[in-house]
Number of protein chains: 2
Amino acid sequence: MGAKLNLDKLDLQIISEMMEDAQISYADLGKKLFVSGGTIHVRIKKLQEHGIVKGTKLNVDLKALGYDITAFVGIFLEKSSLYDTVAKDLRKIPEIVRLNYTTGNYSMFIEVVCKDINQLRFVLHDALQKIKGIERTETFISLDESFNRKVEVVQDVA
Amino acid sequence: MGAKLNLDKLDLQIISEMMEDAQISYADLGKKLFVSGGTIHVRIKKLQEHGIVKGTKLNVDLKALGYDITAFVGIFLEKSSLYDTVAKDLRKIPEIVRLNYTTGNYSMFIEVVCKDINQLRFVLHDALQKIKGIERTETFISLDESFNRKVEVVQDVA
DNA sequence: ATTGAAAGAGTCTCAGT
DNA sequence: ACTGAGACTCTTTCAAT
């Protein structure tokens, strides 16, 4: 971590490729980007040392595992000073996978992933309502996810 | 892909572990879960063949790359039948990383990732306004992301 | 289905450029 | 800073259980 770091085009190309497929071998990725596998290795090591690359994660089809339902919930707080304590309580609910403190209409914004409508109802009506400091909530259930991708880190993609 | 598949506790434990760190070796993961590396290999192969595991992705610190700003935008459509054509246009904007069709207040809901406020302003005022069929939008800029995690696939985590 | 061992492939290090 | 080769580790296959 830390220190200033200049990333060149090769670094960004490596990140871009591996954001989609982290299993590609250094040799193959080197071929694709016209450098040796050793160079890929050195660059990735540098990116890891600087905390830009933090590891790899398994890409799991949550729908296939039965997690069919995604909902977004805007939360109004009684007082915005309650953010920290409410955040702590929200973190304890495993179905809540993301929490953001936001400008605009809502004080905070969460994403909920569930296996069925009953589980979602439980989270929204039982779990959330038990938390002190939440004034009210507005729920948006996702009927379809058109896309969910990573931001482009290089302009001219391979 | 396809076919019915029963996942046992070991399958879910493997998924759970590798969702956080996909680089762990089969031997090490086997030790952790009290089976051989060969068994881990067979299970992962099965999960891949059934489309539950779709590969691995690089875990990149986007903030370190300069992508500091995340915003959520609720979109009101003139007619909900315009969803498909608007979705197609939204997909062309690289800063828009996610699009969901939702119930509730908004017709659709997007997530935008940018390097600075100017880039966000460009997306919101120029890019979005050019798209036919959008009536109006409501923006929520994330001031802080308290957490962003995966759903729990096993109750008793290691 | 799980195991352990052998074969094959990939990573990592390092001396040379 | 990049390369290629050698040492090492991991994946993959397979015969045995």
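To find a chain, count down the sequence lines: A is the first, B the second, and so on, and within it residues start at 1.
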Atom NZ of B/Lys46 and atom P of D/dT12 are separated, to the nearest Å, by 17 Å

Next item on the list: Identify whether the distance between the nearest side-chain nitrogen and carboxylate oxygen of B/Glu111 and A/Arg98 falls below 4.0 Å.
Entry: yes

To the nearest angstrom, the CG-C1' distance between B/Leu29 and D/dC10 comes to 13 Å

Residue pair A/Thr137, A/Leu124: steps toward the side chain to side chain contact (heavy atoms under 4.5 Å, CB included) verdict
CA-CA 9 Å; A/Thr137 61; A/Leu124 296 178; 5.6 Å; no

Output for pair (A/Asp61 CG, B/Leu47 CG), nearest 0.5 Å, gives 11.5 Å

Between CD of B/Gln48 and C1' of D/dT12 the distance, given in whole Å, is 12 Å

Atom CD of A/Gln23 and atom C1' of D/dC10 are separated, to the nearest Å, by 13 Å

In whole angstroms, the gap separating P of D/dA1 from CG of A/Leu10 amounts to 12 Å

*For the ring pair A/Tyr106 and B/Phe72, is the centre-to-centre distance below 6.0 Å?*
no

*Can you find a pair of side-chain heavy atoms, one from A/Thr39 and one from A/Tyr26, that are under 4.5 Å apart?*
no

Please classify the nucleic acid contact of A/Val35 as base, sugar-phosphate, or nothing, using heavy-atom distances under 4.0 Å. sugar-phosphate

By side chain to side chain contact (heavy atoms under 4.5 Å, CB included), B/Tyr67 pairs with (sequence neighbours left out) A/Val151, A/Val153, B/Leu62, B/Leu65, B/Val113, B/Lys115

Between CD1 of B/Ile44 and P of D/dT11 the distance, given in whole Å, is 8 Å

Between CZ of B/Arg43 and P of D/dT11 the distance, given in whole Å, is 17 Å

With a 4.0 Å cut-off (strictly under) to non-hydrogen atoms of chain A, the first and last hit nts on DNA chain C, 5' to 3', are C/dG10 to C/dT13

task: Check whether any side-chain N or O of B/Lys45 sits under 4.0 Å from OP1 or OP2 of D/dT13, and answer yes or no.
output: yes

B/Ile14 atom CD1 is separated from D/dT11 atom P, nearest whole Å, by 12 Å

